[in-house]
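We count residues from 1, following the sequence as given. Just so you know, these numbers use all the heavy atoms, side chains as well, and skip hydrogens, waters and symmetry mates.
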Amino acid sequence: MKRRFLGSKGNPAPRPRIDTPSGIVLSAIPSAVLAPLNAVAGTGIAVGAAAAIAAVLAAVRIRRGDPKGPAFGGLVGVGIAGFIAWQTGSGGGLFLPDLVWYLLAALVLAGSIVVRRPLVGIGWAAVGRAGTERAARRRFTVATTILAAGFLVRAAVTGLLSLDPANAWLVAAKVATGLPGTLAGLAVLAWARPRSGARPDRTPERARFSRWPEPSAGRCPH
């Protein structure tokens, strides 16, 4: 008999509202435009343009019923980046929030692998797509490892860009690892999705004694 997690009135507890793939992509757009605009037009114009884009995207997402927290995430991120850049007096401050986020994400993902609880598997279980077969657990581990490595690469690029925000090569690398990196991460998550109809990893207890043949009906074993 399956257990159901019940809410306060006896109804099944709602699943956590996790951002949609399209929402994740939209949230990454304001951050993606900061680096090229900062290098070409300056910090003030970059922050203003990114904030305007983030506000429009947040309004669109709220109108279509997306979770409010993730919808305003891009706008809040641009605001924090602009505040840090104003406090530090350098365009490199725009990238410090991204740098901190990438490092924390890589650390949490790597830690989940160390404790043998890959975060990708936990995420799929949270939306009701748990996978118990051995192949699924391998995919969860591989996907979590790839995501952790991706965040480390993005952190390295962002850290260097914060030191030299006008470097054209670093700006190009930031753009290449920004929105395309987000799309690649979503592809990895989709690949790790548990397959429907997969058999759980259960070894029958009597299999350990399979070398002994069962007695035929009506006959006594010799």
Please determine whether residues [X] and [Y] belong to a single hydrophobic cluster, defined as Ile, Leu, Val, Met, Phe, Trp and Tyr linked transitively by side-chain heavy-atom distances below 4.5 Å.
| X | Y | value |
| --- | --- | --- |
| Val25 | Leu189 | yes |
| Val100 | Leu75 | no |
| Ile24 | Trp124 | yes |
| Leu104 | Val153 | no |
| Tyr102 | Leu179 | yes |

Pairwise salt bridge (charged side-chain N to carboxylate O under 4.0 Å, His left out) hits with a residue in [range], at least two apart:
| range | value |
| --- | --- |
| residues 29-53 | none |
| residues 37-58 | none |
| residues 29-41 | none |
| residues 20-29 | none |

With a 4.5 Å limit on heavy-atom distance, are the side chains of Val171 and Asn167 in contact?
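Heavy-atom side-chain distance check fails, nothing below 4.5 Å.
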Mark yes or no for whether Ser112, through its side chain, and Leu109, through its backbone, hold a donor-acceptor pair below 3.5 Å.
yes
Backbone N or O of Gly178 within a donor-acceptor pair of the Arg154 side chain at under 3.5 Å?
yes
Give, for atom [atom1] of [X] and atom [atom2] of [Y], the distance between the pair rounded to the nearest 0.5 Å.
| X | Y | atom1 | atom2 | answer |
| --- | --- | --- | --- | --- |
| Arg139 | Arg134 | CZ | CZ | 13.5 Å |
| Thr88 | Phe83 | OG1 | CZ | 10.0 Å |
| Ile84 | Ile80 | CD1 | CD1 | 7.0 Å |

Under the ring-ring contact (aromatic ring centres under 6.0 Å, His included) test, which residues partner Trp101, sequence neighbours left out?
Phe151
State, to 0.1 Å, how close [X] and [Y] come at their nearest heavy-atom pair, and which atoms those are.
| X | Y | value |
| --- | --- | --- |
| Val78 | Pro30 | CG2-CB, 3.7 Å |
| Ala106 | Ala148 | CB-O, 3.8 Å |
| Leu34 | Ala81 | CD1-CB, 4.4 Å |
| Pro165 | Ser162 | CD-O, 4.1 Å |
| Gly185 | Leu147 | CA-CD2, 3.7 Å |
| Phe140 | Pro194 | CZ-CG, 3.6 Å |

Kindly write out the residues that satisfy side-chain contact (heavy atoms from CB on, under 4.5 Å) with [X], not counting sequence neighbours, or none if the list is empty.
| X | result |
| --- | --- |
| Ala110 | none |
| Ile62 | Lys68, Ala71, Phe72 |
| Ala41 | Ile45 |
| Ala173 | Val157 |

For atom CH2 of Trp169, is the number of surrounding heavy atoms from other residues, nucleotides or ligands below 6.0 Å larger than 12?
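Counting neighbours around CH2 of Trp169, 12 or fewer heavy atoms of other residues, nucleotides or ligands fall under 6.0 Å, so no.
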Those residues that, when tested against Arg64, pass salt bridge (Lys or Arg N to Asp or Glu O under 4.0 Å) (two or more places apart):
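Asp66.
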Donor-acceptor contacts, no H, no angles, side chain residues 48-57, under 3.5 Å, sequence neighbours left out:
none

Modelled atom types, side-chain donor and acceptor of Arg61 and Ser27, under 3.5 Å:
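Checked: Arg61/Ser27 side chains pair up, N/O donor to acceptor below 3.5 Å.
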Just do the side chain to side chain contact (heavy atoms under 4.5 Å, CB included) check on Leu119 and Ile122 with the steps written out, would you?
CA-CA 5 Å; Leu119 199 58; Ile122 295 176; 4.3 Å; yes
Give the table of side-chain donor-acceptor pairs shorter than 3.5 Å for residues 91-99, with sequence neighbours excluded, one pair per line with atom names and distance.
| from | atom 1 | to | atom 2 | distance (Å) |
| --- | --- | --- | --- | --- |
| Asp98 | OD2 | Ser31 | OG | 2.7 |
| Asp98 | OD2 | Lys174 | NZ | 3.1 |

